[in-house]
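Take a look at the structure below.
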Amino acid sequence: MHAAFAKTARAHPDRPAVSHGEQTLTYREVDALSDQAAAGLLAAGLKPGGYVALTGERCLVAPIAILGVLKAGGVYVPVDPHAPHQRVSGQLERLGVRHAVELQAGAAGALSFDSIIHIGMLGTQRQGQQDLPDAARVPVPRVGDDAAYVLFTSGSTGVPKAVAVPHRGIVRLVQDVGYVALGVRDRVAHTIALTFDLSVFEIFAALLNGGCLDIADSDTLTSPARAGSFYRERGISVTMLPTGLFHYLADADPALFACVRTVLVCGDVLNPTAVRAVFAHGGPREVVNAYGPTENSAVTTVFRMNGPPPDGERIPIGTPISDDVAYVVQDDGALAACGESGELWLGGPGVALGYVGDEERTREQFVPDRFGGRPGLLYRTGDRARWLPDGNLDFLGRRDRQVKVRDHRIELDEVELALAAHPRIGAVAVVAEGTDTTTRSLVAYFTMRDPQAGRPPQQRELRACLERVLPPYMIPTRFRQVAELPLTAHGKLDRTRLGTAQPHSCTAREPARPGLGREELVRAVLDVWETVLQRQHLTGEDDFFELGGNSLLAAAVLARLQPLARLEPADERLLMRSLLTDGTAAAMAAALEQILGGHRTGPAHPTADPAVLAHLSAPIRTGASPVPNWREPRHVVLTGATGFTGCYLLKELLDRTDATVLCLVRAASPEQALGRVQSAWQHYGLGNLPSDRLEWYPSDLAAPRLGLPQDQIDQLTALTDLIVHAAAFVNFTYPLDVLARTTVDGTQELVRWAGAGRGIPVHFVSSMAVLTGFSGLSGSEVDESTPLSHFERLGMPYAQSKWLAEKLLHEASRQGLPVAVHRPYEIAGDLGWGAWNLENSTCGLLKAILDMGEAPDIDLPMDFFPVDLLAKAITHAALHHEAHGQIYHLNNARYGLLGDVIDRLRARGHHLTQLPFRQWGEHARRWCLAHPSHPFVPFLPLWTERLQASGLTVKEMYFEHNFPPAGHDNAVRLLKDAGIGLPPVDERLIDHYLDFFERSGFLPRAGQNAPTAGGPR
């Protein structure tokens, strides 16, 4: 293969061979540098056929390293930089790898080698030796049957399989092929990790045909906008994508492939809808559905499409490339006729050399070709397929236990063996649940080795055990302890019955009251969870939040438990605290047992001392250079970008400035952060993110330093010109200490680095809820300069958390930090298509009114401030008004009342009865008990629980006759300066929003059955 490259390099010495950003290497340079790398390896003692580890990430010098290994007669072995050390070192020890090439300095880490070659732009250097021999001894002669590389795939024996692929497999993949045009004018995208076999196509499709290999940054394809920019600006003509990634990009922005000539998709079943969408938006010229295992050099069959496939049709995997052959073999060993299914066997020059060090498995999977009369071997794929009448192959799925999860091949047996190594685990069975590989997950069933040996290991413990030996994509998402695994009549594990295995009860039977013991309570809790979470076969050790639970679903759980335990409001808060402390069903049952026995453990909300919680942890320092340029910022930090207001703020910042927006998002990775914000944008109809000016910082406002490493904090402190803080823990059920960790402590951390020297302006999105402490007090008038007070009367932990955050910012402002606080009342839908945050309390109320057919007769203001105008106002203030501690009351002076909305609903044909407030509240309570999954359930306590300090419910504090008159002079000046005309809450605006609610299906049209979550009325 390196001889083929040398021929190309001689023919096109000055053409670009490899490019990354602003750096480009010609074929002459790549040839010379790879010669030096080869010479270094030979000087280090590499023998023909010796293995060389490639450590590090995909980069500009990776092709040089690969060619250097091949020229030296070696076999390159890419190392997964994110895999556990124990796993990688075990793989390399099995191969006897003594030499390594570092793609980045220090990439070898703690791995042990006899020699390490470092490759730089100016040449190579061997560890411990400054002078390398010349390249006179390279290349070392090799033939097509010699191994070129080894890749590890998941192994059913518990040990990953080392697949050795020969030179001939690569040459036949990219040279003189008929399924894709490759030439000197092509630019081939390099986006795939070196440990994936598809990277081999990318690299050599360019380098063996005189084209340019264009390397994308690691986060390029996680953003549709960045991907589109990369394809356009780099002039990419050919790209190979894993199927899951293609589906994601095609769904997010199907037009981004219009500038690419050929898109090859490989790795799983290709969705015809995605292909049709791509062609409907201008291209590419051709989409190729490619199929092939690592054991047959990445690609074996292809199906080419220069237009959309017909509606409803599956996309075949096509016909073999080059001299490859394919057979469909039935269970009896005979060839299947057209239309009959069987196992797919592959042959030809792409067949691998086998599994290194595993002769038995090699003999099982690589068998003599008894069908075609040719000398080579056939690889038994374990995939099911059939021949179609038109001569194409149709892929039908796996026949063994190898599965695809998010584009990763996983042998379930390997996961089972790793879990079975836990000292307290007995039998294990792992299955994949779900049909879509992008959302499919692994579920592990296990028994205890000694069922009497105390509490079984927790899910977190089991995950931690597996993380030491398995990569993240092989860790099950759920673990289910069962009393025994189901068996067939022959004594073999019956995997088809795993879902019916009985959960093992691991809690003692200590009755809390006659007829309702601990075990019965666990079962009662599980019954509720299974209904609310729409899951089956849960156990006492399943964790509510790990199963997908959230605060809204937790409220539904409490509502459904209420009839069983006759819970009081304080009991519900106690159960919620228990759930947040220990999310297992067994722990919730224990808390329920204490409540039923009258043994409550402490208050639902610990006593909060505002003076302590709102105390700045560090003094404010300002005046350091460079002075933040908040009028024309280059870098803006935004929190809360996944929220309703945050999405529109992000859009305004991108539209109104040239700044790069640094988004702090609760996520595990930049890719996940991007995905969360993109999903929110699409949900609210904002389209695709223009992410060329976005940077993602996975963070957690509740964690020390916001969950960021100190070097990132230092970078943000040095770069940022402006902070827009829109994040908060919005929840009406959780206790204050839980909310404060995010809303208060997160603000504390932001203030800490904003005031660490430069004095970065902070614009904080608060809420008019902080004023409810004044509600019901005679003579209370609150303007934008009135100091906050009456913390003890707020009642709602959400309002208390905002109150405390404001107090922190007030003190920071007093010490010199530029601060502005924005207090909206009701953040309503936009003025474009009316999109609302359908999870807010007003939406829940309107849905309850229509579903019940009853409305409260109250003077509740409908103080609507459209979210797009709110974002414009806040952004204008941040860019044009110097922050000096001012507060903006962003409420609507021309508000309406709930009765106005009721009138518009009646005008649409809805028949509604109005009831006095307390009577309606009692009806609403009974309704929620019968419909515990209704969107109004989380907000019910705001309407029914009376606060000790005021004697009012939370909602009564907002009634027109209770809520204090709020001045808004600052806001009026801001809106005038920004040219924002705030519409009145009249028939026109109300109808605009009702139109959206009906279009979205959230509210029924008159005459339709109300679509309640809990069943018919």
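Numbers here are sequence positions counted from 1. In what follows, every heavy atom counts, from backbone to side chain, and hydrogens, waters and symmetry copies are set aside. Everything numeric in this text was worked out from a predicted model, so none of it was measured.
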Under the side-chain hydrogen bond (donor to acceptor under 3.5 Å, both in side chains) criterion, do H635 and T660 qualify, and how do the steps go? CA-CA 5 Å; H635 295 90; T660 297; 4.7 Å; no
Kindly indicate, with the supporting measurements, whether the criterion ring-ring contact (aromatic ring centres under 6.0 Å, His included) is fulfilled by F246 and F257. CA-CA 10 Å; F246 173 77; F257 296 109; 5.5 Å; yes
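The aromatic rings of F366 and Y355 stand perpendicular to each other, their planes meeting at an angle above 60°, with 30° marking the opposite boundary.
Note on residues 164-182: pairs passing salt bridge (Lys or Arg N to Asp or Glu O under 4.0 Å), not counting sequence neighbours, are D145-R168, R172-D324. Listed by first and then second residue, the salt bridge (Lys or Arg N to Asp or Glu O under 4.0 Å) pairs involving residues 198-215 are R187-D214, D214-R234 (not counting sequence neighbours). Sequence neighbours left out, not one pair with a member in residues 36-64 passes salt bridge (Lys or Arg N to Asp or Glu O under 4.0 Å).
Tested against F152, the residues T294, V77, D80 include a single side-chain contact (heavy atoms from CB on, under 4.5 Å) partner, V77. For the pairing with M240, the side-chain contact (heavy atoms from CB on, under 4.5 Å) check across V188, T191, I192 returns one residue only, I192.
Aromatic ring centres of Y51 and Y76 lie farther apart than the 6.0 Å criterion allows. Aromatic rings of H167 and H2 (six-membered ring for Trp) have centroids within the 6.0 Å cut-off, being under it.
The two atoms that bring V174 and L182 nearest to each other are O-CD1, 3.5 Å, heavy atoms only.
A donor-acceptor pair under 3.5 Å links the side-chain atoms of T243 to the main chain of C266, judged by distance alone. Not a single donor-acceptor pair under 3.5 Å links the side chain of T24 to the backbone N or O of H20. Remark: the backbone N or O of L60 is not paired with any side-chain donor or acceptor of Q23 at under 3.5 angstrom. Between the side chain of T362 and the backbone N or O of G354 there is no donor-acceptor pair closer than 3.5 Å. Listed for the D358 side chain is a donor-acceptor partner under 3.5 Å among the backbone atoms of R361. No donor-acceptor pair under 3.5 Å is formed between the side chain of E102 and the backbone N or O of T55. Side-chain N or O atoms of D186 include one that pairs as donor or acceptor with a backbone N or O of G183 at under 3.5 Å. Looking only at distances, no side-chain donor or acceptor of T220 sits under 3.5 Å from a matching main-chain atom of A216.
By the 4.0 Å N-to-carboxylate-O rule, R261 lies too far from E286 to be salt-bridged with it. We find that D31 and K71 are joined by a salt bridge, their nearest charged nitrogen and carboxylate oxygen being less than 4.0 Å apart.
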